[in-house]
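All remarks here apply to the structure that follows.
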There are 2 protein chains.
Amino acid sequence: MDLDTVRTFVAAAEAGQFQEAAAELAVTQQAVSKRIAALERALGVRLFTRTPRGAELTIDGQAFLPHARELLRTAERAVASVRTDRRPLRVDVINSRGAATGLMREFHRAHPEIELDVVMLLEIDTAVAAIRSGAIDASFRAVAAPGRPLPEDVEAVRVLDEPLQLLTGPAHALAGARSVTLAELAGHRIWMPGVVPGTEWTAYYDDLVAEFGLTIEATGPNFGSDALLDTIADTPALATFMSERTRLVWPAGHGLRRIPVTGPTPVYPHALLWRRDNPHPGLAALRAHLAGAAGGRDTAGTWMPDWVIPR
Amino acid sequence: MDLDTVRTFVAAAEAGQFQEAAAELAVTQQAVSKRIAALERALGVRLFTRTPRGAELTIDGQAFLPHARELLRTAERAVASVRTDRRPLRVDVINSRGAATGLMREFHRAHPEIELDVVMLLEIDTAVAAIRSGAIDASFRAVAAPGRPLPEDVEAVRVLDEPLQLLTGPAHALAGARSVTLAELAGHRIWMPGVVPGTEWTAYYDDLVAEFGLTIEATGPNFGSDALLDTIADTPALATFMSERTRLVWPAGHGLRRIPVTGPTPVYPHALLWRRDNPHPGLAALRAHLAGAAGGRDTAGTWMPDWVIPR
DNA sequence: CTAGGGCCACAACGATCGGTTGTGGTGGGG
DNA sequence: CCCCACCACAACCGATCGTTGTGGCCCTAG
């Protein structure tokens, strides 16, 4: 199907005749006639009843019309998403399981008029380069990079601290615990699929492992959240970390347990990075929104690496 | 833009290489290469970075991908809307101001999984013919037609009685009234634009006029609800009927007044018409929903024509 | 009743587009 | 170091799409 054909259909439906639609589209009436005929052949239904005074929609045509309009609107948005000037606000999030997507959804609810595009860049160097080049407008990251400072023109602000909980199946040794300390987790297998090597997630968990002697496996393909929950539920010797903010929806009977971790509570920090002179109006709104929604500055009893961006 | 091109883009993005995408789409690798190049030229951005081991998305490509998927889904829905088998439930409503659209929105909220298409057919003969032929699945109507019975295979059930109120501007002679009787409305100009001659709306208001000696004008083009409200607000000698269920949103300062009509209250009846042997699963759900949401069977102190479909 | 005008469909022709085959270039792995 | 896998470019060819020209239909005015 060709969008020009759909555009022709909408124009003809609005004009009520092919001739006028043809004039609007700067083609001949015969071209319009052929396009409509082709569309009707492709769909297998008649869209117009031709009269000597024009053409009016059949019932099928009436039903198709709003879908055709929606199709054109969608196409327009698709094209707009890659326009170099005035495109939607483009934000990089590190992965779909983290809190960043939640923040973005919240921002979208608060500002539905601001068009958004979400991308996932994995590597922080890629993200910083994209921010500097203007390919993206902002990125949710834990840090610039352990030990490496951010460039002059890139600013960063910590916007959310995400406390982690332990998630186990019903047969896990710690399933009955009211809470566990990080020291008690030593020796237990913690599984974090989807944590891509080379990202600051890795650095975070590497630090956690080094400091508390945990066993964290990032191996194995990431088949998505559902598969992860299934495996955790069925495997007694396996657990994973999950944000205490994450709202889980899983089938009853899995019996998954969320166990608070204390002494200290590992907290994953999220910062927003952007280029200082990026003029996108949506960026200012996003920063304002995140500044308002921050909260939770109490760091007592929590742990995070010492190389994170300060608040 | 051509949807085949978009499909090619999505296939290539999913496969990570042009070759595999080409195999999936049953074309040559060169064709995929040309399509992608053409799409990139049309959009003015590079969508893939070509490597000797495949092609991966640029940031622009990543941003474009969800829009491309959405475009294909929208196209699929558009095509499905005119499929002869298993198409969305197609319901005719008499116009967008009435209660029928509200009922449909409510039904959609209750059953978001049922795809809906709404059409407007105006003439009841057209609607009945469309119901019999299967072109539409159901129609909201006041009646079959004054004095004319419905065909054997078309069933009808009254689903909603819509009490009417008077709507006036602040300078109207009745603006201060707590309520008015139909008899008191004699001599006042009532304006009902958008009531199309030949529909059962006309028959309804004709009956109302004949019985209570009102002056109802259906003349003038219908410029939509906003224009109607503007005119009512500014014209002291003009009023209109409006459902008491209608939620109005108008700018402050208009000072519009809603005045209950009594002795008796005119009630506009809505019935659902459908073909007895129509097997569409959505139709059964719609009927069940409307049966549950009906209510308001008290007819004391109300008026409606005697030719309406009984409850 | 007829002539004319407005509108859509069909036919023939030409240009452009999109697909295929054939070939070259490039980077990673055995 | 060579080979393989993959993508891009070129030439060719058929299908498609738009144009011009024409005919038919119906409504309206004279």
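We name chains A, B, ... by the order of the sequence lines, and we start the count at 1 in each one. Values reported hereafter were calculated over all heavy atoms of this structure, with side chains retained and with hydrogens, waters and symmetry mates removed.
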*Report the residue from A:Asp92, A:Ile136, A:Val82 that forms a side-chain contact (heavy atoms from CB on, under 4.5 Å) with B:Ile59.*
A:Ile136

*Does the side chain of B:His280 reach to within under 4.5 Å of the side chain of B:Trp274, using non-hydrogen atoms?*
no

*So do B:Met1 and B:Leu39 actually touch side chain to side chain, heavy atoms under 4.5 Å?*
yes

In whole angstroms, how far is the [atom2] atom of [N] from the [atom1] atom of [X]?
X: A:Glu56; N: C:dC7; atom1: CD; atom2: P; value: 15 Å
X: A:Arg41; N: D:dT16; atom1: CZ; atom2: C1'; value: 11 Å
X: A:Leu47; N: C:dC8; atom1: CG; atom2: P; value: 15 Å
X: B:Leu57; N: D:dC7; atom1: CG; atom2: C1'; value: 16 Å
X: A:Ile36; N: C:dC7; atom1: CD1; atom2: P; value: 16 Å
X: A:Glu20; N: C:dC7; atom1: CD; atom2: C1'; value: 12 Å
X: B:Asp2; N: D:dA15; atom1: CG; atom2: P; value: 18 Å
X: A:Leu25; N: D:dG18; atom1: CG; atom2: P; value: 10 Å

*Count the heavy atoms of every other residue, nucleotide or ligand shown that sit under 6.0 Å from CZ of A:Arg276, and state whether that count exceeds 12.*
yes

Where do N or O atoms of nucleotides 3-5 of chain C meet protein N or O atoms at under 3.5 Å, pair by pair?
none

*Mind listing the closest non-hydrogen atom pair of B:Ile36 and B:Phe9 along with its distance?*
CD1-CA, 3.7 Å

_A:Glu14 bridged to A:Arg69 by N-O distance under 4.0 Å_ = yes

*Would you call B:Arg73 and B:Glu70 a salt bridge, taking side-chain N to carboxylate O under 4.0 Å as the test?*
yes

*For D:dC7, does either OP1 or OP2 sit under 4.0 Å from a side-chain N or O belonging to B:Ser33?*
no

*How far apart are the C-alpha atoms of B:Asp117 and B:Arg87, what are their side-chain angles, what is the distance that settles it, and do they pass the side chain to side chain contact (heavy atoms under 4.5 Å, CB included) test?*
CA-CA 9 Å; B:Asp117 279 319; B:Arg87 59 162 165 65; over 6 Å; no

Would you mind writing out the side-chain donor-acceptor pairs for residues 44-53 of chain B within the sub-3.5 Å range, not counting sequence neighbours?
| residue | atom | partner | partner atom | Å |
| --- | --- | --- | --- | --- |
| B:Thr49 | OG1 | B:Glu56 | O | 3.2 |
| B:Arg50 | NH1 | B:Glu40 | OE1 | 3.3 |
| B:Arg50 | NH1 | B:Glu40 | OE2 | 2.9 |
| B:Arg50 | NH1 | B:Phe48 | O | 3.1 |
| B:Arg50 | NH2 | B:Glu40 | OE1 | 3.0 |
| B:Thr51 | OG1 | B:Arg53 | N | 3.1 |
| B:Thr51 | OG1 | B:Gly54 | N | 3.1 |
| B:Thr51 | OG1 | B:Gly54 | O | 3.1 |

*How does protein contact run along nucleotides 20-30 of chain C, one letter per nucleotide 5' to 3', with B for base contact, S for sugar-phosphate only, - for none, heavy atoms under 4.0 Å?*
BBBB---SS--

*asked:* For B:Phe18 and A:Ala38, find the nucleotide of DNA chain D closest to each by heavy atoms; which residue's nucleotide sits nearer the 5' end?
replied: B:Phe18

